Amino acid sequence: MEVSINLETNVESVVLQPDYYLSNFKILLSFVADRYSFLLSEKESRFYKTFSCLSADAQKLLTRCYMRKGQLFRLDKLNYTEINDKDEALKELINANLVSELESQSVADWITLFNKAELVKAFNKSEWKNFKRKELELFVIEFCENHDIPQAIIDHTILFVPSDNFETYRLLFFGNLRQDLTEFVLQDLGLMTYESYSISDKSLAIKNRDEIDALKTLHELSELIHSRPEWTPELMDQAIERIPQLQSQSTLYLRRRSKIIYALARENERMGEYARAAEMYPQSQHELARERYIRCLEKLNKPELAWYELQKLDAEATSFHDKSFVLTFEKKLAKRLRETVKNRTSFYIEEQAIQLSRSQRSVELDVCDWLAQQGGVAYWTENSVFNTLFALIYWQGIFEDIEGAFYNPFQTQPADIYEPLFITRRESTLLKIRQLFQDGSCFRSHIRDTYQSKYSLACSFAHWQMVDAELLDTLLEKVPFSDMDKITQRILSSPKEFRSGQPDLIYFDNNGNYELIEVKGPGDRLQNNQKAWFDFYQKNNIPHRVIRVIYDD
DNA sequence: GGGCATTCCG
DNA sequence: TTCACACGTTCCG
DNA sequence: GAACGTGTGTCTCGGAATGCCCGG
Ligand SMILES: [Mn+2]
Ligand SMILES: [Mn+2]
């Protein structure tokens with residue numbers, strides 16, 4: 001039986017209104033004003049009122065600025081045909097205190113707004129022409145210390161458009177600061193379609209005022225870390241100083257704070273600051289924080305404490321990663337402390353070595369071809385196959401209207417998907433789904449129905465382009481339901497831990513069998529999360545293989 | 001002038 | 001705003 | 001072998017414009 005697919009909407013046929021972005025911006029503002037007014041400061045509430053009273057031109061100009069990067073703009077670069085009277089709009093915005101002309105004389109503020117040619121010309125220094133951007137900036141800065149800023153620069157009107165109010169609205173609307181107004185456009189153009197869950201009045205991303213400021217700070221720290229700066233002790237001090245100390249049980253807040261603390265502590269390790277790192281890790285709920293903490297204790301010459309923490313971790317360890325860490329690290333510590341270690345069986349798996357001649361393509365594709373020569377067909381899918389099946393099977397649970405799970409219209413997964421309570425909150429729905437499978441015959445139609453009705457809807461686990469209708473048919477035909485069920489149940493038990501680590505290939509031979517195959521190049525080895533899956537396959541009689549490629553040179 | 005990254009836009 | 005994976009180097013017992 | 005750092009392809013799309021660098 002074939003799986004048919006709804007045709008996607010024709011992207012070309014969609015034409016947006018000239019003021020599409022203003023409509024979207026207004027939707028965002030009113031959504032927040034309706035749901036979160038109890039969190040807004042006086043200033044933020046006034047912002048909404050003030051904005052609403054502006055002329056359409058002024059609203060458009062301000063929104064256009066918010067859509068751009070940064071808070072400083074050259075007036076001559078703000079050109080929009082749909083704005084009738086830019087100068088009048090600007091006057092309005094300045095009167096409303098939403099925009100001001102830049103007063104700062106600081107070079108660093110305006111220098112990025114000019115390109116090299118403009119700077120060379122404005123300073124009338126043709127000898128600077130061949131400098132690289134970085135060098136040129138140094139000369140400009142030095143020159144401005146002793147001279148007036150050239151008229152050619154001053155002649156440009158530079159606008160300062162503070163975005164802190166908008167950032168608050170954006171944070172409350174999305175529940176994060178990574179999404180922005182382009183979400184609306186992508187949806188309107190039909191490039192992205194979201195599941196139509198309902199968002200109740202009580203389903204809020206943030207519930208305390210203090211969390212707003214804390215989350216903003218965490219986002220700034222996250223951007224700092226992501227920019228990979230040169231970590232000097234001073235910079236690190238400043239960063240750590242900024243970590244919010246707010247006591248809140250909000251999982252959103254704790255998760256993001258834990259991530260920042262972990263990243264900064266890890267950076268302290270690289271700087272050799274093990275003592276400080278060891279102070280930080282216990283404050284983080286990051287899944288690797290306990291391991292790093294113990295490593296730091298060992299570096300700090302506290303093997304007894306490290307041993308104690310390691311035994312504690314061993315008793316509580318649930319993840320394969322923690323267990324294998326305990327296994328290797330206790331040997332190292334035991335030697336030092338003359339302790340004895342329990343005899344544990346470590347993971348082992350046989351590899352099949354094959355010899356191939358070098359090609360231009362990836363080793364995975366080489367093995368796909370090799371398998372095809374043996375008969376049958378192989379797909380390079382990594383995690384996408386079983387994550388997609390997981391989504392298809394448990395879709396109704398994943399997108400169930402649970403309070404707090406969905407708080408903006410552009411989510412690809414519920415907010416609590418990585419929490420242990422995810423399953424408990426959806427217990428009855430998940431049970432109903434499982435009951436469908438009691439007689440073992442309904443699962444195919446359940447999966448097919450979901451595939452057909454939800455096809456192309458955005459879900460962080462569903463990879464529609466990777467698992468096309470043909471592959472889905474093959475899967476349903478060749479993979480026994482009991483295997484599919486075991487694997488997807490495992491993903492359900494901890495989506496965060498088990499959404500990765502699945503092998504490279506899925507292979508279907510000519511005798512109706514399937515097999516999960518990990519390809520390893522000459523210098524590559526199984527990673528921990530890959531071992532965890534193979535361990536699971538071994539214990540559950542799921543067909544699996546590791547193929548080691550050797551190139552004949 | 002080509003190659004590449006970033007930004008803006010719909 | 002990654003994240004998942006592969007690959008190369010260094011270090012140590 | 002263990003541990004670490006880094007590179008690469010996914011990136012929520014795809015095109016146009018801009019800016020920078022580098023080699024001819
Ligand atoms: Mn792989
Ligand atoms: Mn592989």
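Here is how names work: the chains are called A, B, and so on, in the same order as the sequence lines, proteins then strands, and each is numbered from 1. Owing to the predicted nature of the structure, the values given are computational and were not obtained by experimental measurement.
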Going by ring pair (Phe, Tyr, Trp, His ring centres under 6.0 Å), name the residues that satisfy it together with Y21(A), two or more places apart in sequence or in a different chain. none

With sequence neighbours excluded, what pairs up with R499(A) under the salt bridge (Lys or Arg N to Asp or Glu O under 4.0 Å) test? none

Sub-4.0 Å heavy-atom contacts from residues 380-390 of chain A onto DNA chain C, ordered by number: E382(A), N383(A)

Answer with base, sugar-phosphate or nothing: what part of the nucleic acid does K335(A) contact at a heavy-atom distance below 4.0 Å? sugar-phosphate

Give me the distance, rounded to whole Å, that separates dA5(B) from dC11(D) when you measure between the C1' atoms they each carry. 15 Å

Measure from CZ on R266(A) to P on dT6(D) and round the result to the nearest Å. 11 Å

Could you list the residues that satisfy ring pair (Phe, Tyr, Trp, His ring centres under 6.0 Å) with Y551(A), not counting sequence neighbours? none

Measure all distances between protein nitrogen or oxygen atoms and nitrogen or oxygen atoms of nucleotides 8-10 of chain B, and list the pairs falling under 3.5 Å.
unit_1	atom_1	unit_2	atom_2	d
dC8(B)	OP2	K69(A)	N	3.1
dC9(B)	OP1	Y80(A)	OH	2.6
dC9(B)	OP2	Y80(A)	OH	3.3
dG10(B)	OP1	R64(A)	NH2	3.1
dG10(B)	OP2	Y20(A)	OH	2.3
dG10(B)	OP2	R64(A)	NH1	2.8
dG10(B)	OP2	R64(A)	NH2	3.0
dG10(B)	O5'	Y20(A)	OH	3.3

Within the 4.0 Å heavy-atom criterion, would you say K77(A) contacts the bases, only the backbone, or no part of the nucleic acid? sugar-phosphate

May I ask you to say what R256(A) touches in the nucleic acid, namely base, sugar-phosphate or nothing, with a heavy-atom cut-off under 4.0 Å? nothing

Determine which bases of DNA chain C form Watson-Crick or G-U wobble pairs with both distances under 3.5 Å, and write the result as a 5' to 3' dot-bracket string with | for other-strand partners. ..|||||||||..

Provide, to the nearest angstrom, the distance between the CG atom belonging to D180(A) and the P atom belonging to dT1(C). 13 Å

Would you indicate what K331(A) reaches in the nucleic acid, counting non-hydrogen atoms under 4.0 angstrom: base, sugar-phosphate, or nothing? nothing

Close residues, residues 109-120 of chain A, relative to DNA chain D [heavy-atom separation under 4.0 Å]: N115(A), K116(A)

DNA chain C contacts among residues 515-527 of chain A, heavy-atom distance under 4.0 Å: E518(A), K520(A), D524(A), Q527(A)

Does the S227(A) side chain pair with the main chain of L224(A), one donor and one acceptor, at a distance under 3.5 Å? yes

Which is true for R292(A) with a 4.0 Å heavy-atom rule: it touches a base, it touches only sugar-phosphate, or it touches nothing? sugar-phosphate

Set of ring pair (Phe, Tyr, Trp, His ring centres under 6.0 Å) partners for F325(A), sequence neighbours left out: F329(A)

d(T340(A) OG1, E330(A) CD) to nearest 0.5 Å is 9.5 Å

Answer with yes or no after comparing the ring centroid distance for F166(A) and Y169(A) against a 6.0 Å cut-off, counting only values under it. no

When all nucleic acid strands are considered with a 4.0 Å heavy-atom cut-off, which category describes R133(A): base, sugar-phosphate, or nothing? sugar-phosphate

Hey, what do you get for CZ (R228(A)) to CD (E267(A)), rounding to the nearest 0.5 Å? 8.0 Å

Identify which nucleotide among dG5(D), dC22(D), dT1(C) has an atom closest to any side-chain atom of K132(A), counting heavy atoms from C-beta outward. dC22(D)

For residues V161(A) and L62(A), determine if any side-chain heavy atom of one lies less than 4.5 Å from a side-chain heavy atom of the other. yes

Within the sub-3.5 Å range, which N or O atoms of nucleotides 8-11 of chain D have a protein N or O partner, and how far apart are they?
none

Which parts of residues 213-222 of chain A get close to DNA chain D, meaning a heavy atom less than 4.0 angstrom away? none

Between the side chain of E211(A) and the main-chain N/O of Y253(A), is any donor-acceptor distance below 3.5 Å? no

On a whole-Å scale, what distance lies between the P atoms belonging to dT1(C) and dT8(D)? 24 Å

Which part of the nucleic acid does N529(A) contact within heavy-atom distance under 4.0 Å: base, sugar-phosphate only, or nothing? sugar-phosphate

Pairs flagged by side-chain hydrogen bond (donor to acceptor under 3.5 Å, both in side chains) wherever residues 517-531 of chain A is involved - sequence neighbours left out: H321(A)-N528(A), S324(A)-N528(A), S500(A)-N529(A), E518(A)-K520(A), K520(A)-D524(A), K520(A)-Q530(A)

